[in-house]
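What follows is one structure encoded as structure tokens, with my remarks underneath.
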Amino acid sequence: MKDLIKKVEAALDSVRPYLKTDGGNVKVVEITEDFTVRLELLGACGTCPMSSMTFKASLEEAILKSVPEIRKVEALNLVPAF
């Protein structure tokens, strides 16, 4: 599982500079036995009304594209869209 976490972190590292530009970040909370990644959006990302778009278009896509073992990506604290 540690290798899988490293792969997920590497995928997120490709997106983190963009999140940090806007005062945000992301943290891997866990990877479940059924290969679901659970993320927590941090800083500005945790309160941004556009976080669901950022999650889908950036975070989820980066992980699923780079780590084929992962079946699903969830964000624990998405802000509902308008």
Side-chain angles (χ1 to χ4, degrees):
M1 196 63 80
K2 286 185 180 186
D3 287 337
L4 203 53
I5 291 172
K6 285 181 184 180
K7 289 180 183 180
V8 169
E9 288 288 354
L12 292 173
D13 284 344
S14 70
V15 179
R16 278 194 172 106
Y18 304 106
L19 301 176
K20 289 180 179 181
T21 298
D22 291 327
N25 206 341
V26 63
K27 172 181 150 185
V28 177
V29 175
E30 70 174 327
I31 299 176
T32 66
E33 290 181 13
D34 67 344
F35 298 99
T36 297
V37 175
R38 293 202 172 119
L39 303 174
E40 180 181 1
L41 302 175
L42 304 171
C45 290
T47 58
C48 177
M50 302 301 285
S51 63
S52 59
M53 289 178 60
T54 300
F55 170 74
K56 276 289 193 197
S58 299
L59 304 173
E60 182 181 53
E61 183 178 325
I63 292 170
L64 294 177
K65 189 181 237 185
S66 299
V67 191
E69 300 92 334
I70 298 300
R71 296 190 183 136
K72 186 176 176 184
V73 182
E74 298 175 347
L76 301 176
N77 61 331
L78 276 182
V79 175
F82 296 106

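For residues 27-42, the side chain to side chain donor-acceptor pair (under 3.5 Å) pairs, not counting sequence neighbours, are E30-R38, T32-D34, D34-T36, R38-E74.
For the pair V28/L39, a side-chain contact is recorded, criterion being any heavy-atom separation below 4.5 Å from C-beta on. Here the side chains of I70 and I31 are in contact, with some heavy-atom distance below 4.5 Å. L59 has its side chain within reach of L19: a pair of non-hydrogen atoms, C-beta onward, lies under 4.5 Å apart. Residues V73 and F55 have side chains in contact (heavy-atom distance under 4.5 Å, counting atoms from C-beta outward).
Legend: residues meeting side-chain hydrogen bond (donor to acceptor under 3.5 Å, both in side chains) with R71, ordered by chain and number and at least two apart, are absent. For D3, the salt bridge (charged side-chain N to carboxylate O under 4.0 Å, His left out) criterion is met by no residue, not counting sequence neighbours. Remark: K56 engages E60 in a side-chain hydrogen bond (donor to acceptor under 3.5 Å, both in side chains) (not counting sequence neighbours).
A salt bridge does not link K2 with E9: none of the charged nitrogens is closer than 4.0 Å to a carboxylate oxygen.
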Under 3.5 Å, side-chain donor or acceptor atoms of residues 62-69 against the rest of the protein: list the pairs with distances, not counting sequence neighbours.
from	atom 1	to	atom 2	distance (Å)
S66	OG	A62	O	3.0
E69	OE2	K7	NZ	2.9

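When every heavy atom of L41 is checked against every heavy atom of S51, the shortest pair comes out as CD1-CB, 3.8 Å. Across all their heavy atoms, D13 and P17 have their closest contact at O-CD, 3.2 Å.
If you chain together hydrophobic residues whose side chains sit under 4.5 Å apart, V8 and L42 never meet in one group.
Interatomic distance, CG of N25 versus NZ of K20, reported as 5.0 Å (0.5 Å rounding). To the nearest 0.5 Å, the span separating CG on L12 from CD1 on I5 amounts to 11.5 Å.
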